[in-house]
Visitor: 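Handing you this structure, nothing more for now.
Note that the structure is predicted; figures quoted are calculated from it, not measured. Numbers restart at 1 for each chain; the letters A, B, ... are given by sequence-line order, proteins then strands.
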Protein chains: 2
Amino acid sequence: MTTEHQGEIAAPSLEPLQARATLADVARLAGVSAKTVSRVMSGDDKVAAHTRERVMGAAKRLRFRPNTLARNLRHGGVTNTVAFVIGDITNPFYFNVAAGIERELATRGMTMLLATTDDAPGSEAVVVDTLLAQRVRALIIVPIASDQSYLEGERQLGTPVVCVDRPAHHLVADSVVLQNRLGAAEAVRSLIAAGHRRIGFVCSPAGLYTHQERLMGYRSALLEAGITDYERYERLEPVPGPTAEESVRDLLAMDEPPTAIIAGNNRASTAAYRELYGRAQQVAFIGFDDFELADALGVSVIAYDTIELGREAARMALSRLEDPNGPPRQVEIPTYLIKRGSGEIPPRS
Amino acid sequence: MTTEHQGEIAAPSLEPLQARATLADVARLAGVSAKTVSRVMSGDDKVAAHTRERVMGAAKRLRFRPNTLARNLRHGGVTNTVAFVIGDITNPFYFNVAAGIERELATRGMTMLLATTDDAPGSEAVVVDTLLAQRVRALIIVPIASDQSYLEGERQLGTPVVCVDRPAHHLVADSVVLQNRLGAAEAVRSLIAAGHRRIGFVCSPAGLYTHQERLMGYRSALLEAGITDYERYERLEPVPGPTAEESVRDLLAMDEPPTAIIAGNNRASTAAYRELYGRAQQVAFIGFDDFELADALGVSVIAYDTIELGREAARMALSRLEDPNGPPRQVEIPTYLIKRGSGEIPPRS
DNA sequence: CTGTTAGCGCGTTCAA
DNA sequence: TTGAACGCGCTAACAG
């Protein structure tokens, strides 16, 4: 690919062409002590104007760049990096959360380290371990493993742990979640108000905390209205894949098919839309999670501010740094129903 | 929010409840020297089995976690973190690239630091500076400033710089870009083959390298077919916003409106779709960038593997670490036309 | 205003 | 197989 000189023997090119300048190098060139250079670099100290200029000049000539690693080490080994651990990086939901975190951190001069566990519960602890070894300032995590008790020690050591989207298991930690029950219940109530009595719930993959919560919200709203035979309209597929489409087909093929369908997550939302789109049979539909073009397509959804979810998580992590021993907090990000048409289709008479 | 004891006076809670254990602490508890603990932690040295066990036990008791900062500092101040600098983190395109980078890095035990410039050309150098101070191993960047010459020094110092999506200005660097011209040309040829002669090009915001390249591809394919009066069908809006919709409306209101439209970027794709969707007038349409539901909606697009774009960028950065002085490389990620219907609509007779 | 000493946590060198 | 001394680059504490 590159040259033929690559190999295991000699690798002179591994060395940079030019050594990186250190504080001492700058000091030598400027004819001052290292500490003076340090002062100039930190900015906030009193240094004679002409000394400062000499130092700045020398630094520029040598392309000096302060070594944050060494600085942090000297300061007790803490960085200003916050780690965000997610399962599947290709899920746009996580991406937006990451955007929120990054933005909030940026306002405080901190950066975000993004790591993924590839949705493998077993790798969570390994990934987190690597991050902690890098002395991240705080940890924001979408829990995937069934047990986060391994983090208890870190919390005590002063590293804030904030869980996003779902609470931790066997660990006392701050968390930011959605108003899952309320959101689902609001959607169901809206459908009931439009006259629906047979309402389906589709979710795939299902099994997570969020899905359970939404299912609870769905059920409670139905019970409120005196509807009790909802179980036959629930389709929660544990495995990922095109099963949400199948679930919808399955529901609509029933003797008494539902006249409205609610999706329990973003994947199921688009999957259900795929299946319902272009069907002659008019079925009301409300998705969970807003998505691109949903407005143009007239798809009603339960929406929420994903960016804000991330920002709030970052804020919690940072405030926890200032108050490590306060009681754990759980913030709920509001959900709201956006009516665009698909959720307002009346039941077939 | 938390307690009333917060304030500027006393902040005893700022200190962790328990000091972090160091190599020396473990050594003391295990009754060995620090170096022995170091050996056990590094794994690959010869230590007596019983000594190893004692050390491991002590480390676990003290919740010892090796300090990567110190380790890296000792090793010459290099981390195994690669920084990825983007403009707007909410653009799904960048997100997928980030996913690719993260995945590729993960296979080599490296992590990704994500930073954003908020599309402000002036902040690029500042952000990059912070990252370099953290001694990132390599830099992957979507250039936004009009000049990247400030990075020349770093390159010489051995920090690989890889540009993504567009090449750097005034800097010799590796880059990974899309087959923009070919992709656009293929789309136009396909439309011409279907009988179209009046083909519009919409792009908003426009002005970037990618847009120019795609415009060139569009023009060249038209010229190939002997069509020369394309300029009146070009709508490149420099500012972001809902101008793509306006451009489409504008085009269709012409005396001789185009019978087909091509979008120059992902924002314009969805915008154009919004405008064309539900119109009685049948207009052929091909978007640049695939998007969620495009398949279900029958939207033809010029697609490419965004994840692969990111992976390739990461691979380039890492290979450049091994061969700092090789000639700069530019890799093109292939684009391909996906025919789903919207691009195959024949011209109105 | 500036310099000196010491040490953050770890790994390398060399000796035992 | 194990340990002692030194240094990575930087800054806090104390001089001067």
Side-chain angles (χ1 to χ4, degrees), chain A residues 15-16 19-56 58-59 62-80 130 132-137 157-158, chain B residues 15-16 18-56 58-59 62-80 130 132-136 157-158:
Chain A
E15 298 310 309
R20 216 174 268 278
T22 74
L23 214 59
D25 297 329
V26 178
R28 208 171 303 126
L29 182 59
V32 296
S33 81
K35 179 60 197 173
T36 302
V37 180
S38 169
R39 276 194 261 263
V40 172
M41 288 319 174
S42 304
D44 49 17
D45 245 318
K46 320 134 215 230
V47 182
H50 61 279
T51 310
R52 155 170 270 113
E53 274 180 42
R54 271 235 309 289
V55 171
M56 297 287 266
L62 265 47
R63 290 213 187 86
F64 172 74
R65 213 182 283 283
N67 188 333
T68 308
L69 265 66
R71 182 176 287 177
N72 288 336
L73 179 60
R74 190 65 186 79
H75 280 148
V78 221
T79 63
N80 46 203
T130 311
L132 292 173
Q134 296 187 46
R135 294 299 187 267
V136 292
R137 194 71 177 278
L157 254 40
Chain B
E15 298 310 309
Q18 183 185 344
R20 217 173 268 279
T22 74
L23 215 57
D25 297 328
V26 178
R28 208 170 304 125
L29 181 60
V32 297
S33 82
K35 178 58 201 176
T36 302
V37 179
S38 170
R39 275 195 260 264
V40 172
M41 286 321 181
S42 304
D44 49 16
D45 245 318
K46 319 140 217 227
V47 182
H50 62 278
T51 309
R52 156 169 270 112
E53 274 181 41
R54 272 234 309 290
V55 171
M56 297 286 265
L62 264 47
R63 290 210 188 86
F64 172 73
R65 211 182 286 283
N67 188 334
T68 307
L69 263 67
R71 183 177 287 178
N72 288 337
L73 179 59
R74 191 68 189 81
H75 278 143
V78 221
T79 63
N80 47 200
T130 311
L132 291 174
Q134 296 186 47
R135 294 297 188 270
V136 293
L157 255 40

Visitor: To the nearest angstrom, how far is B:Arg54 atom CZ from D:dT2 atom C1'?
Guide: 12 Å
Visitor: Can you list everything that forms a side chain to side chain contact (heavy atoms under 4.5 Å, CB included) with B:Leu73? Sequence neighbours excluded, please.
Guide: A:Asn67, A:Ala70, A:Leu73
Visitor: Can you list everything that forms a salt bridge (Lys or Arg N to Asp or Glu O under 4.0 Å) with B:Arg74? Sequence neighbours excluded, please.
Guide: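 Checked B:Arg74 against salt bridge (Lys or Arg N to Asp or Glu O under 4.0 Å); zero matches.
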Visitor: Could you check if a side-chain atom of A:Val78 sits within less than 4.5 angstrom of a side-chain atom of A:Arg135, using non-hydrogen atoms only?
Guide: no
Visitor: Residues two or more places apart in sequence or in another chain: which of them pass side chain to side chain contact (heavy atoms under 4.5 Å, CB included) with B:Ala133?
Guide: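 Counting only residues at least two positions away or on another chain, B:Ala133 forms a side chain to side chain contact (heavy atoms under 4.5 Å, CB included) with A:Thr68.
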Visitor: Would you be so kind as to tabulate the donor-acceptor pairs closer than 3.5 Å made by side chains of residues 23-34 of chain A, with sequence neighbours excluded?
Guide:
unit_1, atom_1, unit_2, atom_2, d
A:Asp25, OD1, A:Arg28, NH1, 3.2
A:Asp25, OD2, A:Thr22, N, 2.8
A:Asp25, OD2, A:Thr22, OG1, 3.4
A:Ser33, OG, A:Lys35, N, 3.4
A:Ser33, OG, A:Thr36, N, 3.4
A:Ser33, OG, A:Thr36, OG1, 3.3

Visitor: Apply salt bridge (Lys or Arg N to Asp or Glu O under 4.0 Å) to B:Arg65 and list each qualifying residue two or more places apart in sequence or on a separate chain.
Guide: A:Asp129, A:Glu154
Visitor: Think B:Thr36 has a side-chain N or O under 4.0 angstrom from the OP1 or OP2 of D:dT1?
Guide: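 Result: no.
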Visitor: Please give the angle, rounded to 10 degrees, between the axes at the start and the end of the helix from C:dC1-D:dG16 to C:dA16-D:dT1, where five pairs define each axis.
Guide: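 The end-segment axes of the helix from C:dC1-D:dG16 to C:dA16-D:dT1 are tilted 30° relative to each other.
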Visitor: Reading nucleotides 5-11 of chain C from the 5' end, what letters show protein touch, with B for base, S for backbone sugar-phosphate only, - for no heavy atom under 4.0 Å?
Guide: --BBBBB
Visitor: Nearest whole Å is fine: how far is C:dT12 P from B:Asn72 CG?
Guide: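 Between P of C:dT12 and CG of B:Asn72: 12 Å.
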Visitor: With a 4.5 Å heavy-atom cut-off, do B:Phe64 and B:Arg20 have their side chains touching?
Guide: no
Visitor: Enter the distance from A:Asn80:CG to B:Gln134:CD here, rounded to the nearest 0.5 Å.
Guide: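 The CD atom of B:Gln134 is 6.0 Å from CG of A:Asn80, to the nearest 0.5 Å.
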Visitor: Taking 4.0 Å as the cut-off, does a side-chain nitrogen or oxygen of B:Ser33 come that near to OP1 or OP2 on D:dA4?
Guide: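 For D:dA4, OP1/OP2 do not have a side-chain N/O of B:Ser33 under 4.0 Å.
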